[in-house]
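Report on the following structure.
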Amino acid sequence: MDRPARPLLVSELRVRNTAYDVSLSRSLFTWKRRAPSPVYHPFRPSVCHSVPVSEIISVREEEQDSHRPNDDDDGSWKKIREGEGKDCRQAFTVSYVERCRQHRWRCAEVTFTCPDRSLCQNWVSSVREQLATFTSRPKCLLVYINPHGGKRQGKRIYQQKVAPLFAQASIITHVIVTEHANHARDHLRTCTELKLVDGVVCVGGDGMFSEIVHGLVWRTQLDGGIDLNCPDEELSPCSLRIGIIPAGSTDCICFATVGTNDPVTSALHIIVGDSQPMDVCSVHHNNTFLRYSISLLGYGFYGDVLTDSERKRWMGPARYELSGLKMFLTHHYYEGTVSYLPAKGIVGTPRDAARCRTNCVVCQHNGQKMSERAMKYEPDETSECEDDGEWRTIRGKFLAINAASMSCACPRSPKGLSPAAHLADGTTDLILVRKCSRFSFLRHLLRHTNKDDQFDLNFVEVHRVVRFRFAPRHCQSDSDLELDLPESSKRQIFSQICRDHPACGCAPAYSSWNCDGEILTHTAIDVRVHCRLIKLFARGIEEAQMFEELGNPCSV
Ligand SMILES: Nc1ncnc2c1ncn2[C@@H]1O[C@H](COP(=O)(O)OP(=O)(O)OP(=O)(O)O)[C@@H](O)[C@H]1O
Ligand SMILES: CCCCCCCCCCCCC/C=C/[C@@H](O)[C@H](CO)NC(=O)CCCCC
Ligand SMILES: [Ca+2]
């Protein structure tokens, strides 16, 4: 059994009118109501509050005027105070993380009155000394705000809810409000002060986060001399952590790594210096780098929803509902070939009941396996040969082809596209939804929003993979088109054929890939998972029991 840590400081202090035994150890800050006399209060329980020191936000001395009576004071220390100067300070306030419902964190405060000033100063400096031992806490952050994401509230959210908390935690910030798309990405590519900051904060949605990832990953590979166009290159992990202040339309990366889309909760995870590694997929076409994906790569339904919704950006987040309904009714299917490399030697499957949570053992085990494998290069993982027993190939007609590198949980679908996917296990869940009736597809979609298993349907299959490729049917049958023309031209040609022959009644041959909310320009792609390429200021979703145990004071 763990022995309780030895206290560094113990005192009797007051909170309002009540005496508390207050103690500070390296790991815990505790204040426990002094047991009242059994004669007067025989049934009154004593109450003990405990906060991990790692979750203290700040400590400050309170300004107190000795001539103004303290509301909380019963006057018992009046004499001591009268003997001191007018601006004497003998109270201090500790701000700390308090857990609320639905994975939300709040900044709570408690003020302690001390019998004398030197004791007060001793407490303040002791708590500060302990906070200084947490070297993972950021001291300086580069903040990018997208003023146009989601409901266009990014600037207000940052100024009103986040900046005051960063100031309270003495974090220095350099804030850039973006002026155009890719402003943050390009700034990160060239910024000379990157070595001076401890992390990057993104105020916006998944698209804005994707910009930041592209800037940081690009920068890291350039510094490491890595060729981005080669899909077989081992990428270097980024050292700077990224914090997400949710201010977008879906915010699924924030939701799936924190458990809620709440700016204050995210700011507190940044302040306490959390760290959550995450997988990133690289997407190539014919040995040319296209993009990175962290959440969803979706062809068919989600590609079409995105393409349609981009024309309705003015509607804000509601654009996805309208386009979703429209594309559901349109009911297009697409033909093509999916080849994939199943993840080998890992624990866990996409059908597990267990979920990726803080300190996930599946991520730890599989992440370790992936990095060992990367060290001793395995030739079969990059083989082109279809019948080498590793790659598997499926040809068919699909309503949707989705790769979820994480659950993709978001307020629209609190369990996500692949509820058992892991944030940092080096795999992505490849979900194939074959052509079926509208009614069947609706059943599948609705199961994203309730307890039923969206994979338990005979037209849906799911595979946990480390790499996959997709080629649309016309790419295979018409090699000229595949070799010479960009996908956008091919799409134009085919839609022209359909316009010229309306009687043929055929659906478009191509959809687009939705890559974390951005449309990809190519349909034939080669995707590879890079285990733990980036890190977030997050800790994964905490088990609900954390909120029951730590959120409330313990009764002893
Ligand atoms: N100043 C700007 N003006 C216009 N577009 C911008 C600006 N800054 C960033 N962008 C772009 O806006 C796009 C959308 O932003 P963001 O992801 O923040 O919101 P969203 O699309 O509403 O939310 P989500 O991605 O969560 O669905 C991003 O692709 C980003 O590149
Ligand atoms: C008829 C009932 C239908 C109910 C269906 C609910 C299914 C919801 C699943 C939501 C999955 C979100 C996956 C996340 C994708 C993000 O990378 C991306 C960028 O933010 N968002 C979208 O593409 C936005 C995608 C929005 C899809 C609607
Ligand atoms: Ca993963």
Side-chain angles (χ1 to χ4, degrees), residues 144-152 154 176-185 202-212 214 244 246-256 261 277-281 293-298 301-307 309-310 313 316-317 319-325 327-329 343 346 348 356 360 362-363 366-367 370 402-418 420-429 438 441-450 454 464-466 514-519 529-532:
Y144 294 100
I145 304 176
N146 175 3
H148 299 296
K151 294 181 182 155
R152 298 173 178 264
I176 297 173
V177 179
T178 61
E179 287 164 14
H180 52 85
N182 293 327
H183 182 167
R185 184 198 68 182
C202 156
V203 185
D206 297 324
M208 187 61 187
F209 174 75
S210 171
E211 266 199 36
I212 306 277
H214 280 79
I244 309 175
S249 301
T250 312
D251 297 317
C252 89
I253 300 174
C254 180
F255 195 92
N261 285 341
M278 284 188 76
D279 300 333
V280 174
C281 287
S293 164
I294 299 96
S295 53
L296 165 72
L297 256 171
F301 182 70
Y302 289 102
D304 295 349
V305 169
L306 183 69
T307 307
S309 69
E310 281 301 290
R313 245 191 192 279
R319 68 191 185 276
Y320 289 132
E321 268 74 44
L322 198 66
S323 297
L325 180 65
M327 286 309 140
F328 165 71
L329 294 172
I346 55 152
C356 185
C360 174
V362 172
C363 286
N366 295 350
M370 297 292 166
N402 301 322
S405 301
M406 43 175 258
S407 70
C408 294
C410 60
R412 263 185 211 94
S413 168
K415 61 179 188 175
L417 280 181
S418 191
H422 288 270
L423 294 170
D425 67 338
T427 74
T428 188
D429 288 350
R438 270 196 190 83
F441 189 45
L442 183 63
R443 274 182 79 200
H444 167 67
L445 287 179
L446 287 177
R447 286 187 185 188
H448 290 83
T449 61
N450 62 32
Q454 61 256 48
R464 192 153 278 180
V465 310
V466 292
N514 172 342
C515 178
D516 293 353
E518 299 295 312
I519 299 166
V529 189
H530 298 268
C531 188
R532 301 162 173 247

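Just follow the structure's listing: the first ligand is 1, and inside any ligand the first atom is 1. Both backbone and side-chain heavy atoms feed into the values below; hydrogens, waters and symmetry mates do not.
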Note every protein N or O atom lying under 3.5 Å from an N or O atom of ligand 2, pairing the names and giving the distance.
{"unit_1": "ligand 2", "atom_1": "17 (O)", "unit_2": "S295", "atom_2": "OG", "d": "3.0"}
{"unit_1": "ligand 2", "atom_1": "20 (O)", "unit_2": "D206", "atom_2": "OD2", "d": "2.6"}
{"unit_1": "ligand 2", "atom_1": "20 (O)", "unit_2": "T250", "atom_2": "OG1", "d": "3.2"}
{"unit_1": "ligand 2", "atom_1": "21 (N)", "unit_2": "T250", "atom_2": "OG1", "d": "3.3"}
{"unit_1": "ligand 2", "atom_1": "23 (O)", "unit_2": "N514", "atom_2": "ND2", "d": "2.8"}

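Nearest-heavy-atom check against atom 14 (C) of ligand 1 across R313, H183, H148 picks out R313. Here atom 29 (O) of ligand 1 lies nearest to E518 when heavy atoms of K151, M208, H214, E518 are compared.
The G204 neighbourhood of ligand 1 comprises atoms 18 (O), with distances under 4.0 Å to a heavy atom of that residue. The distance from ligand 1 to the heavy atoms of T178 drops below 4.0 Å at these ligand atoms: 1 (N), 2 (C), 7 (C), 8 (N), 9 (C).
Under 3.0 Å from the Ca ion (ligand 3), one finds the following protein N/O/S atoms: D279 OD2, S405 O, H422 O, D425 OD1, T427 O.
Under the side chain to side chain donor-acceptor pair (under 3.5 Å) criterion, S413 pairs with no residue at all, not counting sequence neighbours. By the side chain to side chain donor-acceptor pair (under 3.5 Å) test, N514 is found to be paired with no residue, residues two or more places apart in sequence or in another chain being considered.
Ring geometry, F328 versus F441: the interplanar angle falls under 30°, so the pair is classed parallel (tilted spans 30 to 60°).
When non-hydrogen atoms are compared, ligand 1 lies under 4.0 Å from neither the backbone nor the side chain of R185. Heavy atoms of F209 found under 4.0 angstrom from ligand 1: none, in either backbone or side chain.
Within the 4.0 Å heavy-atom shell around ligand 1 one finds G150.
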